[in-house]
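Report on the following structure.
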Protein chains: 2
Amino acid sequence: MQSDRINKIQHHLYSAGFANVQELAEATGASIVTIRRDLQRLEENGIVTRTHGGARLAEAAGPELAFQSRVQEHLDAKRAIGEVAYGLLQPHTTVFFDAGTTVLQLARRLRVEPLPLTIFTNGLAVAQDLVNVEGLSVNLLGGQLRNENLSMVGPYAERLLGEFWFDQLYLGTSAVRGDAQMYTLNPAEASLNRAMIARTSQAVLLADASKFGSSAPYAVAPISDIHTVITDSALDGAWKTRLADLNIDTTFVPLGRKL
Amino acid sequence: MQSDRINKIQHHLYSAGFANVQELAEATGASIVTIRRDLQRLEENGIVTRTHGGARLAEAAGPELAFQSRVQEHLDAKRAIGEVAYGLLQPHTTVFFDAGTTVLQLARRLRVEPLPLTIFTNGLAVAQDLVNVEGLSVNLLGGQLRNENLSMVGPYAERLLGEFWFDQLYLGTSAVRGDAQMYTLNPAEASLNRAMIARTSQAVLLADASKFGSSAPYAVAPISDIHTVITDSALDGAWKTRLADLNIDTTFVPLGRKL
DNA sequence: AACGGGATGATCAAATACGATCATAAAAGC
DNA sequence: GCTTTTATGATCGTATTTGATCATCCCGTT
């Protein structure tokens, strides 16, 4: 089916940088003729640049596709985590959604069955998804806009946070290292995340298993600052033991099964 | 029951990301014909995006239909005004863009030829258009998000404004009445607009001729608070005289001619 | 400059999907 | 219980997508 195939082509090109028509045909299971048509259309839409025999992503499409590509990583796990997180939401409460891609899945889940909530967020994509959802009051934090993940950060955003209290915070992370601290890719984001955690009754971490044991440069906070972790059942036993030892309420979401 | 099935469809699409009509028929126990009718209705309501052979949940509930409709009104005039406004921008300055549809045309013009600017805005659509533009630092104001025009308003946003000064403000308006005051459709928007005008060295009003002499319920400020007006040459003579009498620097942009 | 191999887009046939129409069933209102 | 309205599924004509084939073009090598 066409729509799925176009997605696969974009992600293949994002990962590989360049591909020829034969590679794309193999990657998608379609014929060479079909791939050429697809590339023709993608070129018309400014998404790819064609060369003789193949294609690469158009320069202009780069930042947006980088974000879309990260959204697509571990998407099944993120959706399943989003489903469970949805079950924790309480109507008529004030909730902060950070700008992470797993939190974005929670926002998407909320669109399927809206609840009456007051939502704060520093994520442009989250705001965009929720702006027209019935029963929601959506507030943006404000601050300097980062194009890598469409989030607002900076001292301005942090100071504003200081004036609020949230019933719940739904937080993503880039990594949880062996030292049991959460890490992220940007210092301003790390600083803002600390400020968020300091302003909530219940911090909920949404992170698929691939984040545990991986690495990023900027420390956010010890995972013991988190009240609830929702991850998936692919998490290895050592981490399960670690989380239990730290008395962190953890939900392991099964994968590969239709809900 | 129909609403039950619609729910199942949405849940299935949330979990699977994309499904074809046959899969949805199997998931719901209904026929293919019924599923197509359901998808047609869901698409009309902006909940799903259909493709040949299937559907996915709609990506961000794109800007509200009414907003898109207003963007298209007087588009030639707005583009021409945006072009002239672009000529007033000074590199390495701090500029505030409000959330109006004419200001959005200025943002789009800026994408074509970027300038190194620090941009503040309370418009989600403006932020979206500018987030990936090279050389720009984009800051969002923050505040409560209105879905009518994707802008942030409220006491929170106003108070934040009080901490900044802008070299230039580019402002839209809903109406300029006979009493030479600007008017808008929402009280919080009117209040925020006053706060903007109070924090800039140069307020530039971008308004096509149709706004002059029209009406809206909430007063913003007298037009004499504005330093520069950019409108189009369709403005009638009486208004031209009025603006001259008020010593307001006004540019009348000719229409109907390709720039 | 010529040639061979590979790539391209146009055309056509086949397969799949779509929406309109109609008959039937179910639900709602009186 | 009856009538009207709404929803559902089958059928059919139309539309879209896909893959094969073919003539033409492009690129690298001699």
Side-chain angles (χ1 to χ4, degrees), chain A residues 1-62 65 68-69 72 75 79 108 111-114 134 258-259, chain B residues 1-62 65 68:
Chain A
M1 71 246 342
Q2 193 187 100
S3 164
D4 210 30
R5 193 176 61 241
I6 297 287
N7 250 358
K8 280 179 178 171
I9 290 173
Q10 290 183 61
H11 291 294
H12 187 97
L13 289 176
Y14 180 76
S15 299
F18 173 87
N20 67 28
V21 169
Q22 182 61 41
E23 288 166 24
L24 292 172
E26 284 162 11
T28 58
S31 78
I32 282 172
V33 183
T34 298
I35 294 301
R36 288 209 182 97
R37 284 197 193 95
D38 288 344
L39 290 179
Q40 188 167 24
R41 205 145 349 131
L42 286 166
E43 187 175 44
E44 284 161 13
N45 293 336
I47 295 168
V48 306
T49 298
R50 289 189 76 187
T51 66
H52 203 71
R56 67 180 70 253
L57 282 181
E59 196 155 335
L65 256 142
Q68 287 306 329
S69 213
Q72 296 289 327
L75 191 49
R79 284 181 173 134
R108 287 179 181 168
R111 284 174 59 200
V112 172
E113 271 175 286
E134 197 135 4
K258 307 250 192 290
L259 294 167
Chain B
M1 164 181 309
Q2 194 185 99
S3 67
D4 205 33
R5 192 175 62 240
I6 297 285
N7 263 348
K8 275 183 181 174
I9 290 173
Q10 291 185 65
H11 279 266
H12 187 96
L13 290 177
Y14 170 76
S15 298
F18 175 87
N20 67 29
V21 168
Q22 181 62 40
E23 286 166 23
L24 292 172
E26 284 162 12
T28 57
S31 79
I32 283 171
V33 183
T34 298
I35 294 300
R36 287 208 181 101
R37 284 198 189 95
D38 288 344
L39 291 179
Q40 188 167 24
R41 207 153 340 138
L42 286 166
E43 187 177 43
E44 283 162 12
N45 294 337
I47 295 168
V48 306
T49 298
R50 289 188 76 191
T51 68
H52 204 77
R56 62 177 69 254
L57 285 180
E59 291 292 318
L65 210 64
Q68 280 298 11

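Protein chains get the first letters and strands the later ones, always in sequence-line order, with residue 1 at the start of each.
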Quiz item: Can a donor-acceptor pair be found between the side chains of A:His11 and A:Gln68 at a distance below 3.5 Å?
Solution: no
Quiz item: Rounded to the nearest 0.5 Å, how far does CG of A:Leu57 lie from CD1 of A:Ile9?
Solution: 11.0 Å
Quiz item: D:dT6 C1' sits how many Å from B:Arg41 CZ, rounded?
Solution: 10 Å
Please tabulate, for side-chain N and O atoms in residues 29-42 of chain B, each donor-acceptor pair with protein atoms closer than 3.5 Å (sequence neighbours left out).
residue, atom, partner, partner atom, Å
B:Ser31, OG, B:Val33, N, 3.4
B:Ser31, OG, B:Thr34, N, 3.2
B:Ser31, OG, B:Thr34, OG1, 3.2
B:Asp38, OD1, B:Arg5, NH2, 3.1
B:Asp38, OD2, B:Arg5, NE, 2.5
B:Asp38, OD2, B:Arg5, NH2, 3.1
B:Arg41, NH1, B:Gln2, OE1, 3.1

Taking only nitrogen or oxygen atoms into account, show me every contact under 3.5 Å that the protein makes with nucleotides 17-24 of chain C, one pair per line with its distance.
residue, atom, partner, partner atom, Å
C:dA17, O3', B:Gly53, N, 3.1
C:dC18, OP1, B:Gly53, N, 3.0
C:dC18, OP2, B:Arg36, NE, 2.5
C:dC18, OP2, B:Arg36, NH2, 2.6
C:dC18, O5', B:Arg36, NE, 3.2
C:dG19, OP1, B:Arg50, NH1, 3.1
C:dG19, OP2, B:Arg50, NH1, 3.3
C:dG19, OP2, B:Arg50, NH2, 3.3

Exercise. Specify the separation, in whole Å, of atom CG of A:Leu39 and atom P of C:dA7.
Key: 13 Å
Quiz prompt | A:Asn7 and B:Phe18: CA distance, side-chain angles, deciding distance, side-chain contact (heavy atoms from CB on, under 4.5 Å) verdict | solution = CA-CA 11 Å; A:Asn7 250 358; B:Phe18 175 87; over 6 Å; no
Quiz item: Given D:dT8, is OP1 or OP2 found less than 4.0 Å from the side-chain N or O atoms of B:Ser31?
Solution: no
Quiz item: Over how many whole Å does the gap from B:Asp4 atom CG to C:dA27 atom P extend?
Solution: 13 Å
Quiz item: How long is the line joining CD1 of B:Ile9 and C1' of D:dT8, in whole Å?
Solution: 14 Å
Quiz prompt | Closest heavy-atom pair and its distance - A:Ala55, A:Leu13 | solution = O-CD2, 3.3 Å
Quiz item: Which value, rounded to the nearest 0.5 Å, describes the distance between A:Arg108 atom CZ and B:Tyr14 atom OH?
Solution: 9.5 Å
